[in-house]
Amino acid sequence: MRLTSLVAVSIVVCLAAASLGAAGTLSVTTRDSVGEPLLCRVVARTAAGTPLFPDSTEICYPHHGPIPYFISDGAFTLGAEGPVTLTFSRGPEYHSDVRVADVTGNASLEVTLQRFVNMPAAGWHSGDTHAHLWHDEPNPLDPVDGVRLARAEGLEFVSILDADRYFTGAPDSASTSDCLLYSSMEYRSHVYGHMALPGLQTLVTPYASAAPGDPAYPVNADMIAVAKNHMGIVLYAHPASHSDFWDTSEWPMTGIARELPADAALGLVDGLEVLSYSNILPFAALPLWYDLLNAGIRLAATAGTDVVLNRPASNPIGGYRVYVNTGEPTFDMNAWFEALRHGRTFVTAGPLVTDLRVGQAGIGDTLRLPAGPTTLQGTVSLASDTPLQQLEVLWNGAVAFSAGLPYSSTATVGFSIPVSQSGWLAVKATSVPRTDVQVVNQPLAHTSPIWVELCGQPVRPRADAVRRLVDWNEDLRALVRQRGGFEQSEDSLRVETLLTNGTAALASAFSSPPSPPVTVKPAQGETVRHLRPSLAWHMPADPDPGDIFDYRVRIVSAPELLESALPAATDDSSYVPRDPLEHGHVYWWNVEARDAARNSVTSAAGWFAVDTTGAASVPDPSPAARWSAEPVPFAGSIEIRCSFQGPARLEIFDVRGRRIQVLEGEAPFIWNGRDAMGREVSSGLYLVVPRTGPALRVVKLR
């Protein structure tokens, strides 16, 4: 349903006579379109830009942050002299307004804010799913304060996540007919990430886990199971709070949604905070969300500011918000939660998506078409307090249609997108920023997807997205193993099981391993004339359609070293060594191929020789030269003999593949157990690798 824009704002300014030279006062009333007192947000500044606040702070809640604001409950008075600029706003459904009053004595100002779009009338209801009234500050606010602040922003639902401070297991009694406040909790794991749990009837305990020095336990999945038993919904909070995945020492690194891919793949999560003040950048969570969607995981976009309202420097509540379509004009919390679970949402920092249709499907729906390829025909309607700028229609996360928008507050745009397979469609829209109203420099709205299935085929996961999510999950496994410290072995097993199941669920579409790659260049036994030769191999075959591969190339001086050598990574089917090889040497090499699911297969080992002089060939490294060494193990020195006469070269490696000594001349060779710098090596296994013939394994004892 397209909503109609109403006419704008009416302002009446009355300036009363004042004594010359005296400091003045400005009395302001704020009204709605029928003349009733209206809660709204106000920013007041002097001509020099200095913020102004009313003398009484009990009901105006002064905040001195990036947007220095206070709340009008219908009337307030400012002490001022000279020009004062005031900005009035009440969320994205009202036209904000800016007025300048030249205060030379006692003055009055009456402001009427007009609602230019009524989203609830079309079934869309706004909320902030993550806010705090008390957090690490001495002066907590209470739910009555929270409702006032939320109503001033035009919010219908506010989820306060302060655990047991205000928890009742039901909507708070401070709620009003136009704003429901529910006190629930945020569960915080330093390792696995934070979760917003709106709507709990019973709190989940403990409230936090895995702090520095504690075991990485329990996993969030276990806490989700408890929350689901107590009617809550599960939203991963501020998933992109920091960029350092490996640091779990303190906030904001502890807020990264590290367990999100595993939990989402296992169907445990209802949504994630695509927009949050606590994400490291305003839109930092979008790439992770797109990967989850492209992996076939239907996860709703939501917005939770993580605002701390008792901090004087906090931004406004609802500066980011989620709209959820219940289909009914009256707000119902349970219906709101259920519609959120089904992805009938869009998030915004300004613009409003009043409608999005592709055929008969809207946001959160699945459009099933009998044939493909086809062309999707759709329309999107937008509204905004500030002029609209740009529309983008996304297909599987990539821009498939874009249009500049007229410099107006409403627009309806039709679009056509050719598609050849099942996928998902979503809309992004931007508008002109407005200082002192919006919290970001580029106001953005983003819908959850419409899912499109062609020919009865569900959306097939994309291999590149699956690979990134599997790597993310396996990095978490490495982080947990590195951290260690589990109190019981079954705790460690529970973590390993969860991550294994998560990886399997993420990679289920790519579970078949590929065939091994085949090395083709250099050919077996070929002599190459370059110290940095180009190596190439055939792509492996794979029964999983759309699979992708990365490769790990190992180049060593003996076949025994292939297993332990550090590989060089590449996404291409060819590779040029970064460091020059050595003239006159024989090298062994192989290629390991990994698909999107981290299934790994390795080519047969091959060998080639390096000779830059133009000689016809280098001796085959596999003749029947026989080598022996005595004594094994040895303490002082070891004698190495060969079955043939003539010059030879021996290279000695430790088990990490590092060459520690070279012996040249004629057999027998005596190795004194020291490296090339004359230092005695430690006890352990060493490989003696001749230029021709098999390597020997020797053991050094001190």
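The first residue in the sequence is number 1, and the count goes up from there. Because the structure is predicted, anything quoted here is derived from the model rather than measured.
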Query raised in the report: Should the pair F415 and F401 be assigned to parallel (<30°), tilted (30 to 60°) or perpendicular (>60°) ring geometry?
Result: tilted

Query raised in the report: Is it true that a side-chain atom of R41 and a backbone atom of V437 form a donor plus acceptor pair closer than 3.5 Å?
Result: yes

Query raised in the report: Are the side chain of Q442 and the backbone of S431 linked by a donor-acceptor contact shorter than 3.5 Å?
Result: yes

Requested in this report: Please state whether the rings of H63 and Y69 are parallel, tilted or perpendicular, taking 30° and 60° as the class boundaries.
Outcome: parallel

Query - Polar side chain donor-acceptor pair, W134 to D142, under 3.5 angstrom - result: no

Query raised in the report: So, are R462 and D291 salt-bridged, with charged N and O less than 4.0 Å apart?
Result: no

Query raised in the report: Parallel under 30°, tilted from 30 to 60°, perpendicular over 60°: which one fits the rings of F157 and F337?
Result: perpendicular

Report summary line: Tested for side-chain contact (heavy atoms from CB on, under 4.5 Å) against S183, the lone hit among L161, L200, I160 is I160

Query raised in the report: Regarding Y187 and N220, is there a side-chain donor-to-acceptor distance under 3.5 Å anywhere?
Result: no

Query raised in the report: Do you see a donor-acceptor pair shorter than 3.5 Å between the side chains of D263 and Y192?
Result: no

Report task. For residues 157-168, pull every pair meeting side chain to side chain donor-acceptor pair (under 3.5 Å), keeping only residues two or more places apart or in separate chains. Result -> H132-D162

**Report entry** Stepwise side chain to side chain contact (heavy atoms under 4.5 Å, CB included) check, S278 with W251
**Finding:** CA-CA 10 Å; S278 292; W251 172 260; 3.8 Å; yes

Requested in this report: Report yes or no: do D306 and S276 form a side-chain donor-acceptor pair below 3.5 Å?
Outcome: no

